[in-house]
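Both backbone and side-chain heavy atoms feed into the values below; hydrogens, waters and symmetry mates do not. So that the names make sense, note that chain A is the first sequence line, chain B the second, and so on, each numbered from 1.
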2 protein chains.
Amino acid sequence: MARHSRKIEILDAASRIVSQQGIFNLTLEAVAKEAGISKGGLLYHFKTKEALVSGMVKHLTDNYREKIEAHVEADPEEIGRWTRAFLNVTFNHVYPNKDWNAGLLAAKAVNPALLKPLHDAYKDWQHKIENDGLDPTDATLIRLSTDGIWLSELFDVYQIEEEKKEQVYKRLSEWLHALQKKEVPFSE
Amino acid sequence: MARHSRKIEILDAASRIVSQQGIFNLTLEAVAKEAGISKGGLLYHFKTKEALVSGMVKHLTDNYREKIEAHVEADPEEIGRWTRAFLNVTFNHVYPNKDWNAGLLAAKAVNPALLKPLHDAYKDWQHKIENDGLDPTDATLIRLSTDGIWLSELFDVYQIEEEKKEQVYKRLSEWLHALQKKEVPFSE
DNA sequence: GCGTATCCACCGTCCGGGTAGTATAGTAAT
DNA sequence: ATTACTATACTACCCGGACGGTGGATACGC
């Protein structure tokens, strides 16, 4: 058995607890139980609670990064690559997966500085999106709408019907397609 | 002295603690101290911690509602009223005020069901925005971008320069203005 | 116009329960 | 011998909530 995958099992268990039972139930004992491990075993892998939460953020950031990079590489069209990757990955992978939110909430509660890996990823993407061969402000707006869907669902303020959700996604994709036509020269 | 304003002072104190020190420091004692009151006095006004957080959500929802309604009433142009109000109020009042976030985070942590007043407000606004005399999908996109700005800043994943922020706002306003021209018949 | 009863807004303390983290002793596989 | 744990016990602390006050304002009876 890949022994080091145990760490990821623990991270997943922690995420499940946060998304199903909330931050205040993220106790070391609860995580140990959910992961099918003893408290001592948990502390062997993560020396403090903060280290555990830090691991959650790193884990989700790595996954997010991987998915976006894979999408960019598989995209035959150069213009709008990053914006398209961000839209599609966020909408289809991140957004429906409640556990992504758990890391955010846990970090924000325990110590916001732990969000740094995610900040760095976003700084990177924002830069890529602004230099994606599209009008940078329009590309940024597509990014923001996408985040808006994700994050407003996190607080259950989305309040948009399932059917409209698809329409929004379609409209965003079409808009992105149209933006390709009025190409903006790459600035780098 | 308006004695019942004391409740609002307590709510503000609680918000300050959450936004400056995080959820885990939102203890009754800390709130009491920040509000310049004793713990017993605090419990007189809010019988449980949950009641306190519930008060935070209600307070911010009421403020949000008032501001949006005032904006709608002051708007001479009928088409796009609600979308414009949502954009302007969120961008200029809610978004720069960190304390608005505190209520969200506190409720999500303590008991997500406490967010109901805010859900109801959003449900209302979303309905108004979809029937604002504009193309409903485009209007929804404007709403989502606006939320995206607000909420991504909450997790510090905004990562967009100050200057670009204004550009985004301007682009959104222009877009809204352009949408007015290709009017869509009111559906109600 | 004076005593008194009630109520309001608030104070200070105490207690039971829970939690992070430490310690320690042991096990099984490599 | 080291790694990767299990199991249990213990400490030191903290927090929510209950409870029993208290001074001052207001209302009521006579």
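- Taking 4.0 angstrom as the limit, Arg6(B) places none of its side-chain polar atoms (N or O) nearer than this to OP1 or OP2 of dA9(C).
- Checked by atom type and distance alone, the side chain of Lys47(B) never pairs as donor or acceptor with a backbone atom of Leu52(B) at under 3.5 Å.
- Within the 4.5 Å cutoff, the side chain of Val18(B) has no heavy atoms near those of the Asp99(B) side chain.
- Among the protein residues, Leu52(B) comes within range of no part of the nucleic acid, since none of its heavy atoms lies under 4.0 Å from any strand.
- Put simply, CD1 on Ile8(B) is 17 Å from C1' on dA9(C), counting in whole angstrom units.
- Remark: nothing in residues 102-112 of chain B comes within less than 4.0 Å of DNA chain D through any heavy atom.
- Separating the NE2 atom of His45(B) from the C1' atom of dA9(C) is a distance of 6 Å, rounded to the nearest angstrom.
- Going from atom CG of Leu42(A) over to atom P of dA4(D) covers 15 Å, rounded to whole Å.
- Remark: the backbone N or O of Ala107(B) is not paired with any side-chain donor or acceptor of Asn111(B) at under 3.5 angstrom.
- Consecutive Watson-Crick or G-U pairing (both distances under 3.5 Å) extending over three or more pairs maps onto DNA chain C as C:1-30 with D:1-30.
- The side chain of Tyr44(B) lies closest to dC8(C) when the candidates are dC8(C), dC15(D), dT6(D).
- Of the possible donor and acceptor atoms, none in the side chain of Ser54(A) sits under 3.5 Å from a partner among the backbone N and O of Glu50(A).
- Glu77(A) places a side-chain N or O within 3.5 Å of a backbone atom of Ile79(A) that can act as its donor or acceptor partner.
- With no hydrogens or angles considered, no side-chain donor-acceptor pair links Asp147(A) and Ser152(B) at under 3.5 Å.
- For the contact set between residues 15-24 of chain A and DNA chain C, defined by any heavy atom under 4.0 Å, there are no members.
- Residue Thr27(B) is in sugar-phosphate contact alone, with no base atom involved, counting any heavy-atom pair closer than 4.0 Å across all strands shown.
- In this structure, the CZ atom of Phe46(B) is 16 Å from the P atom of dA18(D), given to the nearest Å.
- Every residue was checked against the side-chain hydrogen bond (donor to acceptor under 3.5 Å, both in side chains) condition with Glu69(A), not counting sequence neighbours, and none meets it.
- Inter-residue side-chain proximity for Ile23(A) and Phe24(B) is flagged as met; some heavy-atom pair is nearer than 4.5 Å.
- Residues Val53(A) and Leu26(A) are in side-chain contact: their nearest non-hydrogen atoms beyond the backbone lie under 4.5 Å apart.
- Partners of Gln159(A) under the side-chain contact (heavy atoms from CB on, under 4.5 Å) rule, at least two apart in sequence or in another chain, are His119(B), Tyr122(B), Lys123(B).
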Counting primed atoms, P, OP1 and OP2 as sugar-phosphate and everything else as base, the B/S/- map of nucleotides 21-30 of chain C against protein heavy atoms under 4.0 Å is BB--------
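- Ring planes of Tyr64(B) and Trp100(B): perpendicular class, angle over 60° (limits at 30 and 60°).
- Between Trp175(A) and Trp175(B), the ring planes are tilted. Angles from 30° to 60° get that label.
- For Lys7(A) (side chain) and Phe46(A) (main-chain N/O), no donor-acceptor pair under 3.5 Å exists by modelled atom type.
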